Every structure is written in structure tokens, then in C-alpha cells.
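Remember, predicted model here, so these are calculated numbers, not experimental data. Below, all heavy atoms of this structure are taken into account, side chains as well, without hydrogens, waters or symmetry copies. A, B, ... follow the sequence lines: proteins, then strands. Residue 1 opens every chain.
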There are 2 protein chains.
Amino acid sequence: MIDSIQARVAAAHAATGPKYQILRDAILGAITSGEAIPGMRLPTEAELSKLLPYSLGTIQKAYGQLVQDGVVVRSRGRGSFIAPIQRQMAEPRHCRFLGDDGTILPVYPHLVGHQQVRTERRWTELFGSGVKVARIDRVISINHEFEVFSRFFAPQAITRKLLNRARNDAESANFKLIMLRELGMPITRIVQTIVRTDDNPKKQLGWRPHLVLEATAYTGEGEVAYFQEIYIPPVDRKLLFDSDLRL
Amino acid sequence: MIDSIQARVAAAHAATGPKYQILRDAILGAITSGEAIPGMRLPTEAELSKLLPYSLGTIQKAYGQLVQDGVVVRSRGRGSFIAPIQRQMAEPRHCRFLGDDGTILPVYPHLVGHQQVRTERRWTELFGSGVKVARIDRVISINHEFEVFSRFFAPQAITRKLLNRARNDAESANFKLIMLRELGMPITRIVQTIVRTDDNPKKQLGWRPHLVLEATAYTGEGEVAYFQEIYIPPVDRKLLFDSDLRL
DNA sequence: AGCGATTTGTACGTATGTATG
DNA sequence: CCATACATACGTACAAATCGC
């Protein structure tokens, strides 16, 4: 645990940016890699300041950021701990429907295709010019009650990683977590819109969509990480939106 | 400006809590009172540390919090400024519809009533037991195109302040901002749900609602600040959800 | 209940880096 | 190039909460 953090900090010796960010990312890396699991105790400030070439204030700032992000909880006299996972999630932040008891219904994604998309103004505006954009189409069953259709757009570098991952993880994947782990891209903001529609992008679905959910995810630097369209049939389930993007 | 901050800090000499919070509230107070307006330059760290019995680090922490809350923007070599209001908003974070050009449509709220609500399990669970809860009903015209109906629930202490404010501000109010400024309650998380409905809470509206948007707002401490139901007729406008809660 | 040891929270003072004008 | 002002970093000190003895 502590040596994992130490190793990550050492590996980042050439990294740009402030020390507290390097340390923050190192701890985050230990968490997302699975070496550190929720509830586990993290090294104390004093320990880290002895082991790392960082002062107490720097370590405090790093921990402060992690508390801010909700990844770590701290308490005086006890120590610093990895925050418990308040919501289990196989899916990203979109398309979470609630059951009668208020719990999030399980989702069962099924990959139906992927391809590179033509470079259009629409994508260059989002992802920048010269970036190859690919699309991943999925049909997602919600609790085996009904299905939604999802179109996911992102730079090809990202979709490739996601597709690799998806095959291993039975086609389910938390995009936000993968992006953080594999690409070091924290998603810090998601803007979504909901609108009524009569369009049907997938005739063979056998139903006409009722609502279209569009989501644009941004990284900490304000870059667009991905764009997603989700077609939702007329159902009576509550659809959840949470401003809290913590993992 | 600077003397206003100084006065507020002096007035808070007996206040409990850390100094950086006292300073944060003092600056926030100067903004609230109108002495400091968006775009205005705030005192530098050095200035404050000379005028106040606070060290540089304490002042930096206070400013850091305000940046975090989106109330202040800072830049190296230039200074600290009161954040511009980037999105003009007479309304809180809910019920923002987009026009054809992607801009947020103006909203025109109209107060139609307010009253204390019976203490039910539903409210004690949200706000705690022994808290008197009141309801504010409003009809909100969106760009004079259509109307939505809003029911806002919060502890009476809050609704009272909002009602006072609403009368002054022509019945328009940014709840989040008022709560931050008047009550020192930063809203840090909003959880929303959308669901189809056939209920009509207000027969006299002349339309049947199509969607119900429910929003629960939480303070930094995890307390529920308010709960809101918004009844939306069938319209073709995009409804916006943004995870970024900055003002 | 009391007393230390541990650990985070707050605060101070100082120094240096870096973007702005 | 220089002054200004924020950003980062270091080291220290003490307060407050927690835990074990």
C-alpha cells in the first residue's frame, strides 16, 4: 500500500505539475488499481512526509484534494481512509433508472457494433480537428424490463481502449473509471440534455424512442472526453441525474 | 471594499470556527451586501495579511474556498476578482431549457402561493424531525413559450428568507446563491430524477403534465437544503442538466 | 476516569516559482 | 527588466479528537 504510493511517486519524478498533484495521483492510482480498497487505512501525514521528499503541508494538500473528490475520508486521531463506495455502478453516470425501492436498476449492456465516423463539423467542434472519432453502439437492457439504445462517440484512442476492456469485462464498463485508470483522464463535468423525440435511429429495435438523452463529458482541462446519445422508450421508471460525479 | 471586509472580520471576533472560515464569510458578506460586485478586484493576499491578524496561508485558504465555490476567480500576477456571472440565471439549477441556438431560455417565475405543510414521514426523513417545512408554489413561464409548475419544499427558516427575497427581486431568485449568501449554506450536490406522469397537481393549469422533475439539494454537510417538484408539459425543448454547480 | 501517544486540523512565517502588466 | 500578485512548498507549532493502556 504505502510502497505502492511511494513507487508511483518515484515513477512520476519527471512529471510536470505540482507535487501535491503527483501525490494525489499516486494515491488515486493505488486506489483505482485495486491495491487499495474502500475502508482501507492510508498512511498518515507523518509517515508520508518521512518516506517522500514532500513536506507535511504538501501531503495535507494532496489529502485535502482527495477528500474534496470524495475518494478519501479523514478524521482526527483515527487516520485517513479510502472512502466507502456509496453506489455500486457497472455503468457510467448516465441512464441510471430507479426501481420501486429507490435502488438503481442493474444494466446489461450488449455491444452491437462500432465504427469510425466521418469527420464532420460536429465532431471537430467537440474533439478538435484532426482527431479520428469512433462510435460504439450498444443496446442496454435495464433490469430486463426494457431496453435503451446507446451511441457513444469518442476519439478512436479512447474507444479502442474501451473496446478491449469491454470484452474482458463482459461488455460492461464504467467509462469514467476506465478513463481515469487507463488514460489518466478524470471526468469532472457532465452536461446532459433530455428532449422528446420521434426519431428512430435503430428501426429494428421494435419501438419508437420517447426521450433522447445526450451527454457530454469533460475532463479537468475542459476537453471533451466523450459524447453519448441514449434513446429511451416510454417507460414509467425514474431516470436519475446526480451532480456528484464521484466514483 | 477592503474596509468592509475588515469590519466584518472584526465583527466576527467572537465567532466560533476557524479563521479562514471567518474571512471567507466576511468576503462573502461584502459580496452579498452589494458592496462588492462581479468583476470587482479583491484585496491581495499581502494586503489582507497586513490589515488582518491572519497569516498568508490562512488568507490563501479562505480565497481557495471561495474559488472552490465559484464566487472568486484568481490569476497570477493580476489579482483576485469577484467571479462574473457566466450564466445569467434567475432560476436555480433546475428547469433550464435550451433554445434552438443552445442558449438557456429565460424564465419568468410567478408566485402562486406558499404555506406550511403537514409534518409527514416524507419530510422528517428529508429534513429531520421537528423541522417545520413549508412549500412555495410557482408557475414559471419559459421564454413565454410554455409554463411549468413548481413546488418547492424547504425548512420554514429558508422559505421565509426566500419569500422576502423574492418580493424584492420581482419574484425571481437564485436559490443556490441566496442560500450561500444569506444562510452560509453552499449547495454542493443536487440529485434529480425525471419520470413520466399523468398526475396533475394543478388542474387549473389547463394542461396535463408529461414529465415530473424532482430535485433534492444537499449542503456540504450532507443535509438536505431543499426538495423541489417541477411539472413539465409535453414540449420539444431540450432540458439541461449540468453536473457543474458553480454559480 | 485519567493519561499518554497518535493523528488530523488549523495557523504562522518564510521562501521561491511563475504569470501579468 | 522590474514590480506585482498568485501558486507552490517547506518547516514548525499547537489545538482537538481518538484510541489504548
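Judged by closest nucleotide on DNA chain D, B/Ala46 is the one of B/Ala46 and A/Arg78 placed further toward the 5' end.
As a whole-Å value, the separation of A/Gln60 CD from D/dG11 P is 13 Å. Counting to the nearest Å, the P atom of D/dA16 and the CZ atom of A/Arg74 are 18 Å from each other. For the pair A/Glu45 CD and C/dT10 P, the interatomic distance rounds to 11 Å; values are reported in whole Å. Rounded to an integer number of Å, the gap from B/Arg41 CZ to D/dA5 C1' is 7 Å. In this entry the distance linking CG of A/Leu66 with P of C/dG9 reads 12 Å, nearest Å. Atom OH of A/Tyr20 is separated from atom P of D/dC10 by 13 Å (rounded to the nearest Å). Nucleotide C/dT20 holds its C1' atom 10 Å from the CZ atom of B/Phe81, rounded to whole Å. The interatomic distance linking B/Ile59 (CD1) with C/dG13 (P) rounds to 10 Å, in whole Å.
In this structure, of C/dA19, D/dA9, C/dG9, it is D/dA9 that holds the atom nearest to the side chain of A/Lys19. Looking at the side chain of A/Tyr54, the nearest of the listed nucleotides D/dT8, D/dC10, C/dA11 is D/dC10. Checked against D/dA9, C/dT10, C/dT8, the side chain of A/Pro18 finds its nearest nucleotide in D/dA9. Checking C/dG9, D/dA5, D/dT8 against the side-chain heavy atoms of A/Lys61 singles out D/dT8 as nearest. Between D/dA7, D/dC6, D/dT12, one nucleotide has an atom nearer to the side chain of B/Ser80 than all others, and that is D/dC6. Closest to the side chain of A/Ser55, from the set D/dG11, D/dC6, C/dT8, is D/dG11. In this structure, of D/dA5, C/dA11, D/dC10, it is D/dA5 that holds the atom nearest to the side chain of B/Thr44.
Counted by atom type alone, A/Ser75 and A/Arg78 present one or more donor-acceptor pairs between their side chains at under 3.5 Å. Between the side chains of B/Gln228 and B/Glu214, no donor-acceptor pair is found at a separation under 3.5 Å.
The side chain of A/Thr58 contributes no N or O atom lying less than 4.0 Å from OP1 or OP2 of D/dT8. Contact between the side-chain N/O atoms of B/Arg76 and the OP1/OP2 oxygens of D/dT4 is not found at any separation under 4.0 Å.
Counting any heavy atom pair closer than 4.0 Å across all strands shown, A/Gly79 reaches sugar-phosphate atoms only and no base atom.
Under a 4.0 Å N-O distance rule, the pair A/Lys61/A/Glu45 does not qualify as a salt bridge. Salt-bridge annotation for A/Arg8 and A/Glu35: present, with a side-chain N of the basic residue lying under 4.0 Å from a carboxylate O of the acidic one.
Using a 4.5 Å heavy-atom threshold, the side chains of A/Leu23 and A/Ile5 count as touching.
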